[in-house]
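Numbered from 1 within each chain, the chains take letters A, B, ... in sequence-line order. Any value given below was found using the heavy atoms of this structure, including those in side chains, with hydrogens, waters and symmetry copies removed.
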2 protein chains.
Amino acid sequence: MLKKGIPRHSQISQWLRSQIEDGVFEAEEKLPSENDLAKKFDVSRVTIRRALQSLESEEIIYRCQGLGSFVSDKRTPHNLVRLTDFNEDMAKAGLNASSEVHEFKIIDAPSWLLPPLQLDEGTKVMQVDRLRMADGSPVAFDSTWLPILYGQLLSLEKLKSSTIYKILEEEYDISVIRGTYRFTADIADKSLASELKVDEGSPLLMIERSTYTIGNKPVYFQRRYYRTDKVTYEMTLERPQEDNGDYPELPMKEFIPVFNR
Amino acid sequence: MLKKGIPRHSQISQWLRSQIEDGVFEAEEKLPSENDLAKKFDVSRVTIRRALQSLESEEIIYRCQGLGSFVSDKRTPHNLVRLTDFNEDMAKAGLNASSEVHEFKIIDAPSWLLPPLQLDEGTKVMQVDRLRMADGSPVAFDSTWLPILYGQLLSLEKLKSSTIYKILEEEYDISVIRGTYRFTADIADKSLASELKVDEGSPLLMIERSTYTIGNKPVYFQRRYYRTDKVTYEMTLERPQEDNGDYPELPMKEFIPVFNR
DNA sequence: CAATTTAACTTGTATTAACATGTATTGATA
DNA sequence: TATCAATACATGTTAATACAAGTTAAATTG
């Protein structure tokens, strides 16, 4: 049942993770007892506990002495934030996402783009402008700049049905390891106003995103303008309930505002 | 050395936490080996490992087989986001924070405020308007509304030297358990423009914050406008390096955009 | 002297064993 | 009937032990 070469506790926690993911064990459902699991996998109870501990620290399950282990209700592993994708975000919100590619060209990198993409002067970059729509009406407009190295992997065809993130990850195995988001506000100039169908001078929520792959290599730099009447970014921070006394005064969560001078 | 009644592994992990916090073990410094710690506390190595495991899952330390355990460089436990405080944010950025209370009054709650504060029509609320400054120049302007229950605990005096968060937590033991942040953009009207010393129509980053105490009771609702030339909110999301195979495809971090219709 | 082997030390994995503590049910007792 | 004690079973704590595997440096070898 268990492969060799991979720690058993990892395999067991992985098995449980996928079982929970697949809905075999539903939310709030009681898992088999540690002894039962130990028998099932023919390992010691300690190994089972090691596996359950992983799931507990990921807040996928919670355990009650005397009662058993239960699947957490939270759909996403708490405290974990995923690097999200426009289409994915929209799908989660139950909206029909679509996008139009309005620009797909190679340009000389403007000077302000050199530092974020770690490029030298005179280098060319790929620029992709897209209008993002939810249920057919414009929600956001973004420009993305990529070093030619990565930009050449894209095509108009693919961009229509997929996202840059997915194309690079799934087709070329270039995965984004790190991403930095910057939130700021801007006002719609003539061009943005007409793209997003808002009045010139309207406030727009701007999110700049820098993404990096292994070795801190920049993959792309993106500026996205959201219609404020359409999108608000929201984030809930929760202070962990005083569980076991492990956190006496406790860590909550961090959110770093950067002050420009 | 160890008290009874409290699990030894908890006491040991707590001791290590505070030693690290106090700088006894600095960033990237190697901790004593598991065997050394076991001898020091006269416990088994398993107990030490249990303690280190807690610190590891909190990302306070990391461990390398064959090398030892090391203190993580990250100042704040990773993946944990703290509910922050304006003064604290500024201090961290090395700026001198100050604020002027421009309004401190009791008003009839406007209708749009009723749902977020879970109040009935006709209720009165406390409103506090403050201009926030960094090194003497205006950075943000916020209005905070509190149910009278909590508002009455504040005073002009205290607000000058402290923050609402601190006053309620430290003096009245009312601690904020949960907070929701919403990011959006707005433009400066005449009043905001003159407060923040920007042109009318300038873009401002607006952050709405709802905070709750135990039992999901709203403590206050706040609207803060940041000068975009002064402040950008930034957030870095990192995908955990494939450590042990525990996370095969996955979990990064979550950041929820809310789509208004 | 350089390359290799060995030894010592580190954390990682896993078992067996015992006892502590919390929860719920069952059955005897007042 | 209501209460309490016994019991079974859950997770929690901890020890003692063994071996695996990664790292480093010293010792050995060519």
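Distance CZ (R45(A)) to P (dA17(C)): 14 Å, rounded to an integer number of Å. The CD atom of Q53(A) sits 9 Å away from the P atom of dT13(D) (whole-angstrom rounding). Straight-line distance from the CZ atom of R49(A) to the P atom of dT13(C): 17 Å, rounded to whole Å. If you measure from atom CD1 of I61(A) to atom P of dA10(D), you get 15 Å, rounded to the nearest angstrom. Whole-Å rounding puts the Q65(A) CD to dC9(D) C1' distance at 12 Å. Put simply, CD on E34(A) is 15 Å from C1' on dA17(C), counting in whole angstrom units. Protein atom CD of Q11(B) is 13 Å distant from nucleotide atom C1' of dT14(D), rounded to whole Å. The CD1-C1' distance, from I48(B) to dA16(D), rounds to 15 Å in whole Å.
Only one option out of I60(A), I12(A), V71(A) pairs with L55(A) in a side-chain contact (heavy atoms from CB on, under 4.5 Å); it is I60(A). Each of L153(B), L149(B), I167(B) was evaluated against I174(B); a single residue qualifies, L153(B), per the side-chain contact (heavy atoms from CB on, under 4.5 Å) test.
Toward the 5' end of DNA chain D, the nearer of the two residues L52(A) and V46(A), judged by each one's closest nucleotide, is L52(A).
A salt bridge does not link E208(B) to R224(B): none of the charged nitrogens lies less than 4.0 Å from a carboxylate oxygen. Under the 4.0 Å criterion applied to side-chain N and carboxylate O atoms, E58(B) and R17(B) are assigned as salt-bridge partners.
Each of dA15(D), dT14(D), dT15(C) was ranked by its minimum atom distance to the side chain of V43(A); first place goes to dT15(C). Nearest to the side chain of R50(A), among dG12(D), dT15(C), dT13(C), sits dT13(C). Closest to the side chain of T47(A), out of dT23(D), dA18(C), dT15(C), is dT15(C). Looking at the side chain of L67(A), the nearest of the listed nucleotides dT13(D), dT13(C), dA24(C) is dA24(C).
Two residues are said to be in side-chain contact when any heavy atoms from C-beta on lie closer than 4.5 Å; S69(A) and F25(A) fail this criterion.
The phosphate of dT17(D) has neither OP1 nor OP2 within less than 4.0 Å of any side-chain N or O from S44(B). Residue R63(A) has a polar side-chain atom (N or O) positioned under 4.0 Å from OP1 or OP2 of dG12(D).
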